[in-house]
Amino acid sequence: MLELFGMFVLALAPIIWLVIALCGLHMEAYKASLGALLVAIACAMLGWGMSATNMATAALEGFAMALWPIVIVIIAAVFTYNLTVHTGAMETIKGMLCSVSADKRVLTLLIGWCFGGFLEGMAGFGTAVAIPASMLMALGISPVTSILACLVANGVPTMFGSIGIPTTTLASITGIDVVELATVQAIQVFPFVVACPLLMVAIVGGGPKALKGTVPIALVSGVSFAACLILAAHFIGGDLPDVVASVVSLALTFVYALRLHKSGATVPEEYRLASASETEPDAPVAEKLRAWVPFALIFVVLLLTSKLFPFINGPLSAIKSTVNIYAGDPTATLTFSWVNTPGVLIFACGIIGGIIQRCPAREMLAVLGATCKQMSKTVITMLGVLACAKIMGYSGMIASISAFFVTALGGAYPLVAPLLGALGTFVTGSGTSSEVLFGNVQLQAAQSIGADPTWLVASNSLGVSAGKMISPQNIAIGCAACGLTGKDGELLGKVAPYAFAFVLAMMVLVFAGATVLG
């Protein structure tokens, strides 16, 4: 047992380093991630005897996964936003949004929660933080607050993100029926989905006092989203819950906000943004339509190329390459989709949107160059984090962490089941990767202690919701999108209390459910 504990502590070393470097030393994320990579290399070599060849190829696989599809998605999303700022379209959008409501709390729900949930459901890979946070910042909300609100919002939809890839992957590797699994996931996450809009209102309003007068609309946003997750999961499966829930939530929240605005409800001065008349005096309809073109195209294109339209999705998804990079396992392959990947599609939408907004090619290239420079440190962060995650996974470090929990806790294991999901997402930045790392661990643990397998496997996805909030990868994306590169440690310190509170509540919920069902 002592040896098992020693390996557990050694396996945690890269994660411990990340927390210390970001929060204690206030180190920039790209430096902290490279440090974590070096710590993982040393631990994998000394503790698990990983060969230099396997280590190098594992890191190379992490680099490749970081560059495609994650980095290209981030750059595409930020480029699209920067282009709308350059053309002046963002000012028009700002004015239109303020004509629906001048209350920054309400606009945060519409943009950060509803639109962000849709982006997560359709694309994922950081788009749900980069684009909404940028838009909120453009409306006049502080960059730190914008990112913090979007990080909190982005956690709970992750299990059904990117057209349900994390859930369908988890179902395939555990053999659990995907509809049954998705339904249990939606039930588990229900209270946290309802809580998120309330938390976002408190965040942008500077505390619980901001909930005064906004609880009804926050509940409309949260309850409609949570209820639709369960209904879509039960009747459709794991692919579409986020998409259905975000669209319904957006429609209901928009109608409620418009009703409040037209009723002449007063907005306290501390929560009021500039009115539409101040930001956009007489913008013609054509200008308004042009302003929204890039985001409308993203909506339509991601929808048409999703699994909802197999006659489009199929041929585009077939344009791909599958390679084996990691030398230690010839079956460990990585697939690159060259066309039907969010980054490529968002880039195309951004460029077409720029053309429609009459932006010259030279200026678009200049914006792209500035975006790449803006994102350079974030790219390094992605490379370091993903390479570290691959080394931890292939070396056996992740397996040692889970083995300690299963052996040490026995029947009390359900208490830490969501913690493993959170840990996997913190390290990799990906809900899908966390499912791959710990999905079968949860299944085997359930079988060994006599717990309900579906409940315990689903709890891994529940933990993903909390881990996504504090993932260095996700935080770096938000900071880069809002021009706060180097403030990763500050954001981690601010979002950590929310994530830890979620984890604790999740642990209690999963343990109670396992006790009842077991």
Side-chain angles (χ1 to χ4, degrees), residues 65 69-70 73 116-129 153-190 192-193 225 229-230 232-233 236-246 302 306-307 334-335 337 341-342 385-386 389 393 398 417-443 453-471 473-474 477 499 502 506 510:
M65 181 178 283
I70 297 172
V73 170
F118 174 79
L119 287 173
E120 180 62 32
M122 295 304 303
F125 298 109
T127 54
V129 174
N154 185 227
V156 289
T158 300
M159 60 178 67
F160 299 117
S162 304
I163 311 297
I165 288 176
T167 293
T168 53
T169 300
L170 183 60
S172 67
I173 65 175
T174 58
I176 296 174
D177 177 73
V178 69
V179 173
E180 179 186 353
L181 177 62
T183 304
V184 174
Q185 287 175 333
I187 291 171
Q188 287 183 349
V189 83
F190 186 98
F192 304 97
V193 173
F225 200 112
L229 282 182
I230 294 177
I236 302 174
D239 293 340
L240 297 176
D242 270 355
V243 177
V244 173
S246 59
L302 291 178
S306 72
K307 293 179 182 178
L334 200 59
T335 299
S337 293
T341 189
V385 168
L386 267 294
I398 295 292
L419 182 61
L420 284 182
L423 185 64
T425 311
F426 174 80
V427 174
T428 66
S430 163
T432 303
S433 297
S434 182
E435 312 291 29
V436 172
L437 289 173
F438 293 120
N440 274 320
V441 171
Q442 308 281 18
L443 180 64
T454 305
W455 180 262
L456 214 55
V457 168
S459 72
N460 196 79
S461 301
L462 184 65
V464 163
S465 302
K468 187 75 170 179
M469 294 183 195
I470 55 173
S471 163
Q473 173 182 308
N474 226 27
I477 290 168
F502 268 46
M506 289 168 178
V510 171

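What's counted below: heavy atoms across the whole structure, side chains too, no hydrogens, waters or symmetry copies.
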J.: Please give me the minimum heavy-atom distance between V184 and A458, naming the atom from each residue.
T.: CG1-CB, 3.7 Å
J.: For the residue pair T454 and T174, establish whether any side-chain heavy-atom pair is separated by less than 4.5 Å.
T.: no
J.: Residues in side-chain contact (heavy atoms from CB on, under 4.5 Å) with S465, at least two apart?
T.: V156, M159, V189, M506
J.: Indicate yes or no: at least one non-hydrogen side-chain atom of T158 is less than 4.5 angstrom from one of E120.
T.: yes
J.: For the residue pair N474 and M469, establish whether any side-chain heavy-atom pair is separated by less than 4.5 Å.
T.: no
J.: Taking atom types as modelled and ignoring hydrogens, do the side chains of S459 and Q188 form a donor-acceptor contact shorter than 3.5 angstrom?
T.: no
J.: Mind listing the closest non-hydrogen atom pair of I470 and A499 along with its distance?
T.: CG2-CB, 3.5 Å
J.: Hey, does F190 have a side-chain heavy atom less than 4.5 Å from the side chain of I230?
T.: yes
J.: If we ignore hydrogens and angles and just use 3.5 Å, is the side chain of W455 paired with the main-chain N or O of V510 as donor and acceptor?
T.: yes
J.: Nearest heavy-atom pair of S246 and V243: which atoms, and what distance?
T.: OG-O, 3.1 Å
J.: Testing the basics here: between G439 and V457, what is the closest heavy-atom pair and its distance to 0.1 Å?
T.: O-CG2, 4.2 Å
J.: What closest approach, in Å, do F160 and G238 show between heavy atoms, and which atom pair accounts for it?
T.: CD2-O, 3.7 Å
J.: If you round to the nearest 0.5 Å, how far is CG of N460 from CG of L419?
T.: 10.5 Å
J.: List for me each residue that meets side-chain contact (heavy atoms from CB on, under 4.5 Å) alongside A233, sequence neighbours excluded, and say none if there are none.
T.: A182, T183, A186, P241
J.: Are side-chain heavy atoms of L170 and S461 found at a separation under 4.5 Å?
T.: yes
J.: Is there a side-chain contact between T167 and V178, using heavy atoms and a 4.5 Å cut-off?
T.: yes
J.: Mind checking the CZ-CG spacing from F225 to D242? Nearest 0.5 Å is all I need.
T.: 5.0 Å
J.: List in chain and number order the residues that pass side-chain contact (heavy atoms from CB on, under 4.5 Å) with L423, two or more places apart in sequence or in another chain; answer none if no residue qualifies.
T.: L12, I15, I401
